[in-house]
**Q** 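Structure incoming, see below.
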Amino acid sequence: MGGMVRKILVSAGEASGDLYASLVVEELRRIWPDCQFFGCTGSRLRAAGVETVADAGSLAVVGLLEVVSQIPRIYREYRKLLRAAQERKPDLALLTDSPDFHLRVARKLHGSGVPVIYLVAPQAWAWRQGRVRVMRETLRRLLCIFPFEEEFFSRLGVPATYIGHPLAGLVRPSLTRDEFFRKHRLAAGRPLITVLPGSRRGEAARHLPALLDAVERLYREKALNLVLPAATTTGVEFFRKRIGSSPVTVINGESWDAMAHADLALAASGTVTVEGALLGTPMVTFYKVTVPSWVAGKLLVRVPFYSMVNLIAGRAVVPELMQGQMTGERIAAEARRLLGDEGARAEMKMGLAEVRERLAPRAGRKPAPLAAAIIQEILEGQVAHVS
C-alpha cells in the first residue's frame, strides 16, 4: 500500500456508541498514526480526532414509532454521511449501534465495495429477525459486546466475534462514599437510593411520574437520601422543573458514583443496568414506551427477559417492571423488599457478580484493542489480497 493514507468512516448515533467507537479509534491511531477518520460523530469521537460530516446528536431517538417524526432530520444526516463516503471512498467503515440508521448505511456502503465492521450488535435476537438477513449480506464482521450474541449470530450465518463489554474495564466511581455524600450534602447515616429515569427526554418524562410516586411512598416510611444523576442528553433543568417539592436531589452527571455508593438503584432498562451490574448495585428495573410502540413491540419481541442484566445471567437476577406493571406502588414494594431483606440483597449481589464475570474480556484482551486488531487484520488482509 506504500505511502497511501488509510481512510476510515466511523459512525455512532448514541452516547454509548460514541464512547465505544472512540476507544477503538484511539487504538487504530496507534496502529496507523496518519489514518484519516471521518463520519457521524458525538463529542467522544470528535475528541478522538474524527472529522464530523454528520452529527450524532440528531440521531438520538427511541422507539419504533417515535422515529417517524424525526425522519427528515435523520435522512439529512444519512445523505451527508453517504455523500462523504462517495467522495472519499473509505477503506473501511466502523458503524456502531443505532441499527435503524446504520443497517441502511451498511447496505449502501457494502454496495459500493466498502467493507463494513459493525460494533454493538442490534438486538435482532429480540425482534425483527429480518435484520439478520441484511447483516448476513452486508457485514464483514459483527463485533458483539454481550457473550450470548456471538453464538446466536454465528448460527444464523453472520460473521460475529465477542470482544467483551467496553464498559467492563471502565466503570468505577471517582469519589469515595464519604466524599460523594459530603459533596452533595447527603445525610451520612441514611441509605442512598439512586433514581435513573433514562438518558433520553422522552423516556425520562414517561418514567418520572411513577418514580416520584415510588420515592414519596418510601420516604414517608424511612429517612432516605434520594439522588437523580441527570444525563447530559437530558440536563439538570429538565428534571428540576419536573420534580417540584419531591425529596429527590438532582445532580449533574456522576451517575457511576451515584450508583456505586447507592444501597439501591431504580433503573430504566438499558445500558445503565449493565453499569449497575458492573458496580454491583442492587436494583429494580423498569421501562415504559408509548402504547402503540408497546403493542408493536410485543408482537415482535421473543425474549424471556427485557433487562440486559437478566438476559446476560439467563435468569431473573433483578426485578423487571414493564409497561402496566411500572407503577409507583410496585416499584416501592420491590425497593422495600430489597432494602429490608439482607438475604435478597446478598443473592442479587451474587447474581450481579456473575453478570460482571460474563462481561469480562476474553483471554485477557480488552475490547478496544481486540476490535482494532480485527480491523487491522481485515484491512491488511484485503490489501495483501488485492495487490
Side-chain angles (χ1 to χ4, degrees), residues 171 173 176-178 180-182 184-198 207-229 243 245-251 254-270 272-288 305-356:
V171 177
T176 65
R177 186 177 163 107
D178 281 353
F180 183 76
F181 271 56
R182 272 204 305 276
H184 299 293
R185 303 196 178 84
L186 305 173
R190 299 180 178 184
L192 169 61
I193 295 186
T194 296
V195 181
L196 301 153
H207 294 150
L208 261 186
L211 286 170
L212 294 177
D213 178 30
V215 299
E216 293 284 353
R217 289 166 188 265
L218 295 165
Y219 197 72
R220 279 201 295 266
E221 301 160 15
K222 198 179 175 77
L224 297 166
N225 293 303
L226 296 156
V227 165
L228 189 163
I243 63 171
S245 60
S246 164
V248 177
T249 306
V250 181
I251 63 175
E254 299 185 63
S255 63
W256 292 352
D257 281 284
M259 288 161 91
H261 305 311
D263 296 271
L264 179 70
L266 308 178
S269 187
V272 70
T273 62
V274 176
E275 294 171 337
L278 292 169
L279 293 163
T281 312
M283 66 183 109
V284 177
T285 68
F286 52 81
Y287 206 79
K288 198 179 233 157
F305 303 108
Y306 289 96
S307 91
M308 247 326 153
V309 174
N310 292 341
L311 281 165
I312 295 162
R315 60 191 174 88
V317 172
V318 302
E320 307 183 345
L321 301 173
M322 298 323 230
Q323 214 57 11
Q325 299 178 327
M326 191 204 163
T327 62
E329 199 175 344
R330 291 288 303 271
I331 296 169
E334 292 290 353
R336 207 175 286 123
R337 181 178 67 85
L338 284 164
L339 287 172
D341 180 347
E342 258 321 301
R345 287 174 64 75
E347 192 179 329
M348 185 179 289
K349 286 196 149 170
M350 271 165 54
L352 295 172
E354 204 176 296
V355 169
R356 192 163 57 240

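Side chains are part of it too, since the values below use all heavy atoms of this structure and drop only hydrogens, waters and symmetry mates. Predicted model, so just to flag it, every value in this text is computed and none were measured. By convention here, the first residue in the shown sequence is residue 1.
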**Q** Could you list the residues that satisfy side-chain hydrogen bond (donor to acceptor under 3.5 Å, both in side chains) with Asp213, not counting sequence neighbours?
**A**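 Residues passing side-chain hydrogen bond (donor to acceptor under 3.5 Å, both in side chains) with Asp213: Arg217.
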**Q** Which residue, Val215, Leu208, Val195, forms the side chain to side chain contact (heavy atoms under 4.5 Å, CB included) with Ser246?
**A**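 By the side chain to side chain contact (heavy atoms under 4.5 Å, CB included) criterion, Ser246 pairs with just one of Val215, Leu208, Val195: Val215.
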**Q** Which distance, rounded to the nearest 0.5 Å, do you find between the CZ of Arg315 and the CD of Glu354?
**A**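 The CZ atom of Arg315 sits 4.5 Å away from the CD atom of Glu354.
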**Q** Quick one: side chain to side chain contact (heavy atoms under 4.5 Å, CB included) partners of Ser269, sequence neighbours excluded?
**A**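 Expected list: Tyr287, Ser307, Met322.
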**Q** Give, for atom CE of Met308 and atom OG1 of Thr273, the distance between the pair rounded to the nearest 0.5 Å.
**A**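 OG1 of Thr273 is found 8.0 Å from CE of Met308.
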**Q** With rounding to the nearest 0.5 angstrom, report the CG to OG1 distance, Leu321 to Thr327.
**A**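 One finds 7.0 Å between CG of Leu321 and OG1 of Thr327.
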**Q** Can you give me every donor-acceptor pair (side chain of residues 220-227, partner residue at least two apart or in another chain, under 3.5 Å) with its distance?
**A**
unit_1: Glu221; atom_1: OE1; unit_2: Arg336; atom_2: NE; d: 2.9
unit_1: Glu221; atom_1: OE2; unit_2: Arg336; atom_2: NE; d: 3.3
unit_1: Glu221; atom_1: OE2; unit_2: Arg336; atom_2: NH2; d: 3.0
unit_1: Asn225; atom_1: OD1; unit_2: Ala187; atom_2: N; d: 3.0
unit_1: Asn225; atom_1: ND2; unit_2: Ala187; atom_2: O; d: 2.9
unit_1: Asn225; atom_1: ND2; unit_2: Arg190; atom_2: O; d: 3.1

**Q** Could you tell me which residues satisfy ring pair (Phe, Tyr, Trp, His ring centres under 6.0 Å) with Phe181, sequence neighbours excluded, listed by chain and number?
**A**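 So Phe181 forms no ring pair (Phe, Tyr, Trp, His ring centres under 6.0 Å) with any residue.
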**Q** Would a distance-only check, ignoring hydrogens and angles, find a side-chain to backbone donor-acceptor pair under 3.5 Å from Asp257 to Pro173?
**A**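 Here the side-chain-to-backbone pair does not exist.
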**Q** Provide the closest heavy-atom pair for Ile251 versus Ala258 in the form atom of the first, atom of the second, distance.
**A**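 The pair with the smallest heavy-atom distance is CD1-CB, 4.5 Å.
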**Q** Any salt bridge (charged side-chain N to carboxylate O under 4.0 Å, His left out) involving residues 322-334? Give me the pairs, sequence neighbours left out, ordered by first then second residue.
**A**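 Salt bridge (charged side-chain N to carboxylate O under 4.0 Å, His left out) check on residues 322-334 returns Glu334-Arg337.
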**Q** With rounding to the nearest 0.5 Å, note down the distance linking CG in Leu264 to OG1 in Thr194.
**A**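 Separation between the atoms: 8.5 Å.
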**Q** Shortest non-hydrogen contact from Val309 to Val355?
**A**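 Residues Val309 and Val355, closest heavy atoms: O-CG2, 3.6 Å.
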**Q** Quick one: pull up CG in Leu266 and CG in Leu228 and give me the separation to the nearest 0.5 Å.
**A**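 It is 10.0 Å, given to the nearest 0.5 Å.
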**Q** Looking only at atom types and distance, does a side-chain atom of Asp263 sit under 3.5 Å from a main-chain N or O of Ile193, one as donor and one as acceptor?
**A**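 The answer is no, because no donor-acceptor pair under 3.5 Å joins these two groups.
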**Q** Please table the atom pairs, donor to acceptor, closer than 3.5 Å between any side-chain atom in residues 274-284 and protein atoms at least two apart or in another chain.
**A**
unit_1: Glu275; atom_1: OE2; unit_2: Trp256; atom_2: NE1; d: 3.2
unit_1: Thr281; atom_1: OG1; unit_2: Met259; atom_2: O; d: 2.9

